[in-house]
Visitor: 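Here's a structure for you.
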Amino acid sequence: FSRTHTVTVLFILTCALVYVTLLEETPQDTAYNTKRGIVASILVFLCFGVTQAKDGPFTRPHPAYWRFWLCVTVVYELFLIFILFQTVHDGRQFMKYIDPKLGVPLPERDYGGNCLIYDPGNTTDPFHNIWDKMDGFVPAHFLGWYIKTLMIRDWWMCMIISVMFEFLEYSLEHQLPNFSECWWDHWIMDVLVCNGLGIYCGMKTLAWLSMKPYQWQGLWNIPTYKGKIKRIAFQFTPYSWVKFEWKPASNLRRWLAVLGIIFMFLLAELNTFYLKFVLWMPPEHYLVLLRLVFFVNVGGVAMREIYDFMDDPKFHKKLGQQAWLVAAITVTEFLIVVKYDPNTIMLPIPFFIMQCWLLGILLIFTWTLWRFFIRCRKPNSSTTPGRMNKWNDITLRYKETRRRKQEVPADRDRPLGNGSTATPSGRSKLNGSSETLRQRKS
């Protein structure tokens with residue numbers, strides 16, 4: 001089960017290519033042959049990657065599963081690069097090769113409008129505004145934040161990202177109409193109900209995984225059928241558990257890393273809405289769902305690699321392969337948005353919103369300076385590290401000398417057997433002068 005079966009995969013792949021070459025008649029449809037050739041090339045690359053790519057930090061349910069998603073990440077990044085190098089018209093029309101229904105401009109749905117929770121004017125259903133918002137995105141929000149919590153493994157970071165994204169929706173509703181939502185849709189349905197409940201369930205799952213014993217036994221060594229079924233189910237849980245302790249205020253490196261993670265998370269969230277806006281994809285299209293499934297599978301590996309690189313840079317000397325690709329994908333998606341619809345991106349942000357963001361950035365910058373450059377030098381900003389160490393040594397020697405002098409009177413009056421009195425070292429007064437002299441020198 002744990003072997004890669006490289007020869008078996010190579011044999012099956014060769015047989016498939018021989019069948020297509022010798023036994024199958026090639027159709028005369030150019031578009032069909034182009035699509036099939038691209039799909040076949042991707043499948044061959046996936047077969048190579050699943051058997052030959054380097055393993056990542058995760059091994060369950062099988063290392064080949066995570067190698068597969070690593071290769072899918074490479075394919076998706078290459079697809080984004082191809083879209084980036086097309087003209088706006090050609091890029092949108094190219095989506096028709098994936099689905100003929102695409103390539104048509106779609107109106108964006110406005111979630112604002114009537115924001116009354118109880119509408120007395122509608123006698124049939126006064127709570128119709130709430131039921132109108134209960135679409136497929138409600139369980140998607142909950143499930144998404146449940147999985148994000150399993151990725152980040154920190155309650156504070158999840159809540160910060162959740163609240164910050166709502167502020168981004170407020171700030172960018174003049175660019176995308178579907179960001180215009182009611183206040184209770186932002187803070188009650190999204191932050192408290194969907195996101196908050198997903199984060200809570202995710203933290204409970206993390207607590208269970210952290211306390212779960214990780215002692216594995218071979219399937220065929222388990223005598224009962226119930227034990228075998230339980231072992232198969234636990235195959236989809238982690239092989240071991242690592243608790244993420246981000247500690248952003250411990251040093252500047254970790255603080256900048258946490259800020260970068262939050263920024264990339266928010267950018268990836270915005271790309272979800274802006275990509276379907278500029279590529280004319282409806283929100284319920286299966287490509288939007290596939291992109292979310294893709295990030296669910298690669299996000300956890302990327303976060304683990306980022307944490308290892310940040311927490312132990314001496315052992316993990318370079319950023320992991322999946323984290324590198326996810327960062328490249330996020331940036332490439334944003335560049336596609338900028339190229340395909342610069343007019344929407346460049347719409348001026350309202351002045352009072354710009355003031356709020358500048359104030360927030362200024363507060364973060366000020367706190368960073370105070371925490372990592374001013375507070376650490378608070379005892380004496382003009383003292384160098386060498387002088388500080390020397391001053392600490394002098395202070396410790398002074399305290400030790402005072403302690404010894406306080407012990408001298410109690411021991412000096414203790415009589416010895418020969419009629420003399422004892423010194424702090426246990427010697428008589430005949431030779432105690434030299435000991436006292438040495439103490440004064442010290």
Visitor: Within a reach of under 6.0 Å around CH2 of Trp280, are more than 12 heavy atoms found that belong to other residues, nucleotides or ligands?
Guide: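 Result for CH2/Trp280: enclosed.
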Visitor: Looking at Cys158, is its backbone amide N or carbonyl O close enough to the side chain of Ser162 to form a donor-acceptor pair, meaning the two atoms are under 3.5 Å apart?
Guide: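 Absent.
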Visitor: To the nearest 0.5 Å, what is the distance between NZ on Lys247 and CE on Met310?
Guide: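 Reported to 0.5 Å precision, the distance equals 10.0 Å.
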Visitor: Tell me whether Asn33 contacts the main-chain N or O of Pro27 through its side chain, where contact means a donor paired with an acceptor under 3.5 Å.
Guide: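 It does hold such a pair.
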Visitor: Mind checking whether Tyr76 and Phe295 have parallel, tilted or perpendicular rings, split at 30° and 60°?
Guide: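 Plane angle over 60°, so perpendicular.
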Visitor: How would you list, by chain and number, every residue that makes a side chain to side chain donor-acceptor pair (under 3.5 Å) with Asp311, sequence neighbours excluded?
Guide: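 By the side chain to side chain donor-acceptor pair (under 3.5 Å) rule, Asp311 matches Arg254.
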Visitor: Can you list everything that forms a ring-ring contact (aromatic ring centres under 6.0 Å, His included) with Tyr200? Sequence neighbours excluded, please.
Guide: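 Result, ring-ring contact (aromatic ring centres under 6.0 Å, His included) vs Tyr200: none returned.
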Visitor: With heavy-atom distances below 4.5 Å as the criterion, would you say the side chains of Leu102 and Pro282 are in contact?
Guide: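 The answer is yes, as the side chains (C-beta and beyond) meet within the 4.5 Å cut-off.
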Visitor: If we only count heavy atoms from C-beta on, is the His174 to Ile353 side-chain gap below 4.5 Å?
Guide: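 The answer is no; the side chains never approach within 4.5 Å.
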Visitor: About how many Å separate OH of Tyr239 and OG1 of Thr59, when rounded to the nearest 0.5 Å?
Guide: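 These two atoms lie 7.0 Å from each other.
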Visitor: Would you compute the distance between atom OH of Tyr274 and atom NZ of Lys276 and round it to the nearest 0.5 angstrom?
Guide: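 Going from the OH atom of Tyr274 to the NZ atom of Lys276 covers 11.0 Å.
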Visitor: Compare all side-chain heavy atoms of Lys314 with those of Asp312 and state whether any distance is below 4.5 angstrom.
Guide: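 Yes, close enough: below the 4.5 Å cut-off.
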Visitor: Any ion pair linking Arg291 and Glu333 (charged N to carboxylate O, less than 4.0 Å)?
Guide: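 A salt bridge links Glu333 with Arg291.
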Visitor: What residue pairs, at least two apart or across chains, pass salt bridge (charged side-chain N to carboxylate O under 4.0 Å, His left out) with a residue in residues 10-31?
Guide: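 Passing the test, one end in residues 10-31: Glu24-Arg36.
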Visitor: Does any pair with a residue in residues 296-321 pass ring-ring contact (aromatic ring centres under 6.0 Å, His included), and if so which ones, sequence neighbours excluded?
Guide: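 Listed by first then second residue: Phe244-Tyr307, Trp246-Tyr307.
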Visitor: CD of Glu173 to CG of Leu168: how many Å apart, nearest 0.5 Å?
Guide: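 It is 12.0 Å, given to the nearest 0.5 Å.
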Visitor: Determine all donor-acceptor pairs shorter than 3.5 Å in which one atom belongs to a side chain in residues 43-57; sequence neighbours excluded.
Guide:
residue	atom	partner	partner atom	Å
Thr51	OG1	Cys47	O	2.9
Thr51	OG1	Phe48	O	3.1
Asp55	OD1	Arg67	NH1	2.4

Visitor: Just jot down the side chain to side chain donor-acceptor pair (under 3.5 Å) partners of Glu166, sequence neighbours excluded, or say none.
Guide: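 Partners of Glu166 under the side chain to side chain donor-acceptor pair (under 3.5 Å) test: His186.
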Visitor: Can you find a pair of side-chain heavy atoms, one from Phe58 and one from Arg304, that are under 4.5 Å apart?
Guide: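 Yes, close enough: below the 4.5 Å cut-off.
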Visitor: Taking distance alone, no hydrogens or angles, what donor-acceptor pairs closer than 3.5 Å link side-chain atoms of residues 13-21 to residues at least two apart or in another chain?
Guide:
residue	atom	partner	partner atom	Å
Thr14	OG1	Leu10	O	2.7
Thr21	OG1	Leu17	O	2.7

Visitor: Let me confirm one number: the CG-CD distance from Leu319 to Glu305, rounded to the nearest 0.5 Å.
Guide: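 Rounded to the nearest 0.5 Å, the CG-CD separation comes to 7.0 Å.
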Visitor: Please confirm whether the backbone N or O of Leu267 pairs with a side-chain atom of Asn271, one donor and one acceptor, at under 3.5 Å?
Guide: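 The answer is yes, because a donor-acceptor pair under 3.5 Å joins these two groups.
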Visitor: Mind listing the closest non-hydrogen atom pair of Met151 and Val296 along with its distance?
Guide: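 Residues Met151 and Val296, closest heavy atoms: CE-O, 3.5 Å.
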Visitor: Lys101: what forms a side-chain contact (heavy atoms from CB on, under 4.5 Å) with it, not counting sequence neighbours?
Guide: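 Applying side-chain contact (heavy atoms from CB on, under 4.5 Å) to Lys101 gives Asp99.
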Visitor: Find out whether Ile81 and Glu77 are in side-chain contact, i.e. whether some heavy atom of one side chain is under 4.5 Å from a heavy atom of the other.
Guide: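 Yes, close enough: below the 4.5 Å cut-off.
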Visitor: Could you check if a side-chain atom of Phe236 sits within less than 4.5 angstrom of a side-chain atom of Arg60, using non-hydrogen atoms only?
Guide: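 A side-chain contact under 4.5 Å is absent here.
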Visitor: Can you tell me if OH on Tyr32 sees more than 12 non-hydrogen neighbours from other groups inside 6.0 Å?
Guide: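 No, because the 6.0 Å sphere around OH of Tyr32 holds 12 heavy atoms or fewer from other groups.
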Visitor: Can you label the angle between the Trp255 ring and the Phe372 ring as parallel, tilted or perpendicular, going by 30° and 60°?
Guide: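 Ring orientation of Trp255 relative to Phe372: tilted.
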Visitor: Would you list the atom pairs, donor with acceptor, under 3.5 Å between side chains in residues 343-352 and any protein atom, with sequence neighbours excluded?
Guide:
residue	atom	partner	partner atom	Å
Thr344	OG1	Asp341	OD1	3.1
Thr344	OG1	Asp341	OD2	2.7

Visitor: Verify side chain to side chain contact (heavy atoms under 4.5 Å, CB included) between Phe294 and Val72, making sure each step is shown before the conclusion.
Guide: CA-CA 8 Å; Phe294 164 77; Val72 172; 4.0 Å; yes
Visitor: Which heavy atom in Leu206 sits nearest to a heavy atom in Thr149, and how many Å separate them?
Guide: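 Closest approach of Leu206 to Thr149, heavy atoms only: CD1-O, 3.5 Å.
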Visitor: Looking at residues at least two apart in the chain, or sitting in another chain, which of them share a ring-ring contact (aromatic ring centres under 6.0 Å, His included) with Phe263?
Guide: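 So Phe263 forms no ring-ring contact (aromatic ring centres under 6.0 Å, His included) with any residue.
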Visitor: Mind checking ring-ring contact (aromatic ring centres under 6.0 Å, His included) for Phe11 and listing every partner two or more places apart, or none if nothing turns up?
Guide: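 So Phe11 forms no ring-ring contact (aromatic ring centres under 6.0 Å, His included) with any residue.
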Visitor: Mind checking the NZ-OG1 spacing from Lys35 to Thr30? Nearest 0.5 Å is all I need.
Guide: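 Spacing of NZ (Lys35) from OG1 (Thr30) equals 12.0 Å.
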Visitor: Apply side chain to side chain contact (heavy atoms under 4.5 Å, CB included) to the pair Tyr65 and Phe68, showing each step before the final yes or no.
Guide: CA-CA 5 Å; Tyr65 177 81; Phe68 168 80; 5.5 Å; no
Visitor: With distance as the sole test, does Gln322 use its side chain to make a donor-acceptor pair with the main-chain N or O of Ala302 at under 3.5 Å?
Guide: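 Judged by distance alone, no pair lies under 3.5 Å.
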Visitor: Mind running side chain to side chain contact (heavy atoms under 4.5 Å, CB included) on Val74 and Phe79 for me, showing each step along the way?
Guide: CA-CA 9 Å; Val74 176; Phe79 169 76; over 6 Å; no
Visitor: Keeping Arg371 on the side-chain end and Leu252 on the backbone end, is there a donor-acceptor pair under 3.5 Å?
Guide: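 Not confirmed, Arg371 side chain does not pair with Leu252 backbone.
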Visitor: Testing the basics here: between Val193 and Met189, what is the closest heavy-atom pair and its distance to 0.1 Å?
Guide: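 That closest heavy-atom pairing would be CB-O, 3.5 Å.
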Visitor: Could you go step by step and tell me if Leu325 and Leu70 meet the side chain to side chain contact (heavy atoms under 4.5 Å, CB included) rule?
Guide: CA-CA 9 Å; Leu325 284 170; Leu70 174 65; 3.7 Å; yes
Visitor: Side-chain contact test, heavy atoms from C-beta onward, threshold under 4.5 Å: evaluate it for Phe165 versus Leu270 and give yes or no.
Guide: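 In short, these two side chains touch, coming nearer than 4.5 Å.
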Visitor: On a heavy-atom basis, which atom in Leu209 and which in Pro238 lie closest, and how many Å separate them?
Guide: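 Closest approach of Leu209 to Pro238: CD2-CD, 4.1 Å.
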Visitor: Residues two or more places apart in sequence or in another chain: which of them pass side chain to side chain donor-acceptor pair (under 3.5 Å) with Asp190?
Guide: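 With sequence neighbours excluded, Asp190 shows a side chain to side chain donor-acceptor pair (under 3.5 Å) to no residue whatsoever.
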Visitor: Looking only at heavy atoms, which two atoms of Tyr340 and Ile83 are closest? And how far apart?
Guide: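 That would be OH-O, 2.7 Å.
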Visitor: We want to know whether Trp357 and Ser171 form a side-chain donor-acceptor pair, criterion being a heavy-atom distance below 3.5 angstrom.
Guide: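 Yes, a side-chain donor-acceptor pair sits under 3.5 Å.
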Visitor: Which heavy atom of His141 sits nearest a heavy atom of Asn195, and at what distance?
Guide: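 Nearest pair, atom of His141 first, then Asn195: CD2-OD1, 3.7 Å.
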Visitor: I want to check something: taking the side chain as every heavy atom from C-beta on, are Ile161 and Ile152 in contact at a cut-off of under 4.5 Å?
Guide: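 Side chain of Ile161 against side chain of Ile152, heavy atoms only: contact under 4.5 Å found.
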